Engineer: 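Next up is a structure, given as structure tokens.
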Amino acid sequence: FYTVRTPISFLEDGVSATVGSKLFVFGESMPHPTKNARLDRMWVERDISSFVTDTSNNRGEFEPLETKGSAPQTRSIERIAAGSSGNDVFLFTSPQVEEGSLLVHKLDTTSNTWSKVKTSGTAPPPLANFSSVNVGGRIIISGGQSTVDVPGARAEYNADLYEFDPASGSWTKLSKSGEELDGRIG
């Protein structure tokens with residue numbers, strides 16, 4: 001059971017990544033959630049809050065993580081995923097459809113400094129409700145829903161897999177083999 005030493009009034013959803021024995025949690029901290037709070041904030045960029053706990057001490061107390069640099073922002077917490085490599089945590093955020101592809105932010109956990117990563121290759125399109133997993137030093141992005149920002153458009157579900165190489169900052173769209181799976185979210 002994990003607790004928060006410094007009270008957080010409300011943490012919307014959240015994603016996590018580990019570096020060694022440290023568990024990092026990222027989400028949107030909101031002071032006063034209301035019934036329509038999610039709709040009221042949908043088109044406003046907000047900073048992502050960061051929290052950390054050291055799992056080796058078995059105390060399970062999360063503390064706000066004081067960071068330097070430009071913290072990532074998002075319009076909706078449903079538009080982020082996280083992964084890690086070495087001492088770095090990578091946060092993937094999704095802009096609006098017309099703004100290009102997923103954005104990559106790096107948190108150097110030795111200095112607690114955020115930086116935006118310049119990427120190359122074929123990156124995923126903007127997505128909501130997508131997932132990430134670490135595999136062999138790389139981070140795989142899967143699933144998700146596109147066209148969520150286009151009024152009146154029918155949602156399209158992503159069936160593609162994209163691999164991010166943290167060492168080079170490059171994206172690769174993975175080729176499909178075998179039976180094709182339907183797109184999914186989450």
Side-chain angles (χ1 to χ4, degrees), residues 11-28 48-53 55 65 67 69-110 112-150 155-186:
L11 184 65
E12 171 111 12
D13 296 328
V15 297
S16 61
T18 59
V19 172
S21 64
K22 291 187 178 180
L23 172 62
F24 295 84
V25 176
F26 306 95
E28 181 186 356
I48 293 172
S49 298
S50 307
F51 301 90
V52 65
T53 189
T55 61
L65 182 65
T67 61
S70 296
Q73 294 188 320
T74 186
R75 287 182 187 84
S76 171
I77 205 65
E78 295 167 344
R79 293 172 173 259
I80 68 173
S84 61
S85 178
N87 288 322
D88 299 324
V89 171
F90 292 86
L91 203 58
F92 303 91
T93 62
S94 189
Q96 289 197 38
V97 170
E98 62 274 4
E99 294 178 18
S101 59
L102 286 186
L103 303 175
V104 183
H105 310 271
K106 179 177 82 170
L107 176 64
D108 177 336
T109 63
T110 58
N112 292 339
T113 302
W114 283 108
S115 60
K116 190 170 176 186
V117 177
K118 183 176 170 124
T119 63
S120 62
T122 305
L127 298 166
N129 302 306
F130 59 100
S131 299
S132 64
V133 64
N134 290 21
V135 178
R138 300 185 187 296
I139 302 169
I140 307 296
I141 299 292
S142 66
Q145 177 182 0
S146 62
T147 67
V148 293
D149 292 331
V150 179
E156 296 177 17
Y157 298 98
N158 179 38
D160 297 322
L161 295 175
Y162 295 85
E163 178 183 75
F164 179 73
D165 180 354
S168 66
S170 63
W171 284 104
T172 303
K173 183 176 179 180
L174 301 178
S175 57
K176 299 176 185 178
S177 63
E179 183 180 340
E180 181 145 343
L181 301 174
D182 291 334
R184 62 170 192 82
I185 60 174

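The shown structure was predicted, so the numbers you read here are calculated from the model rather than taken from an experiment.
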Engineer: Taking side chain as C-beta onward, heavy atoms only, is K173 less than 4.5 Å from D160?
Structural biologist: yes

Engineer: Compare all side-chain heavy atoms of Y162 with those of T172 and state whether any distance is below 4.5 angstrom.
Structural biologist: no

Engineer: Could you pull out the closest heavy-atom pair between L127 and L102, with the gap in Å?
Structural biologist: N-CD2, 4.2 Å

Engineer: Distance only, no hydrogens: is a donor on one side chain within 3.5 Å (strictly under) of an acceptor on the other, for T93 and H105?
Structural biologist: yes

Engineer: Between T55 (side chain) and S21 (backbone), is there a donor-acceptor pair under 3.5 Å?
Structural biologist: yes

Engineer: Could you walk me through whether V104 and K116 satisfy the side chain to side chain contact (heavy atoms under 4.5 Å, CB included) test, starting with their C-alpha distance in whole Å, then the side-chain angles of each, then the deciding distance to 0.1 Å, before giving a yes or no?
Structural biologist: CA-CA 6 Å; V104 183; K116 190 170 176 186; over 6 Å; no

Engineer: Atom OG1 of T67 and atom CG of L65: how far apart are they, to the nearest 0.5 Å?
Structural biologist: 6.0 Å

Engineer: Report yes if the side chains of I140 and L174 come closer than 4.5 Å at any heavy-atom pair, otherwise no.
Structural biologist: yes

Engineer: Drop me the distance from Q145's CD to N129's CG, to the nearest 0.5 angstrom.
Structural biologist: 6.0 Å

Engineer: Looking at S16 and A82, what are the two nearest heavy atoms and their distance?
Structural biologist: O-CB, 3.8 Å

Engineer: Mind checking what makes side-chain contact (heavy atoms from CB on, under 4.5 Å) contact with D165, not counting sequence neighbours?
Structural biologist: R138, A167, S168, S170

Engineer: Roughly how far, to the nearest 0.5 Å, is the OG atom of S85 from the NZ atom of K106?
Structural biologist: 9.5 Å

Engineer: Does the pair V19 and F24 meet the rule for a side chain to side chain contact (heavy atoms under 4.5 Å, CB included), with working shown?
Structural biologist: CA-CA 8 Å; V19 172; F24 295 84; 4.0 Å; yes

Engineer: Can you tell me how far apart OG (S132) and CD1 (I141) are? Round to the nearest 0.5 Å.
Structural biologist: 5.0 Å

Engineer: Do T109 and V89 have side chains that get closer than 4.5 Å, going by heavy atoms?
Structural biologist: yes

Engineer: Taking atom types as modelled, is there a side-chain donor on S84 or N134 under 3.5 Å from an acceptor on the other?
Structural biologist: yes

Engineer: Do N158 side-chain atoms and G143 backbone N/O form a donor-acceptor pair below 3.5 Å?
Structural biologist: yes

Engineer: W171: which residues meet the ring pair (Phe, Tyr, Trp, His ring centres under 6.0 Å) condition with it, sequence neighbours left out?
Structural biologist: F92, F164

Engineer: Tell me if the aromatic rings of W114 and F26 count as close, with their centers under 6.0 Å from one another.
Structural biologist: yes

Engineer: State, yes or no, whether a side-chain contact exists between V52 and L23 at a heavy-atom distance under 4.5 Å.
Structural biologist: no

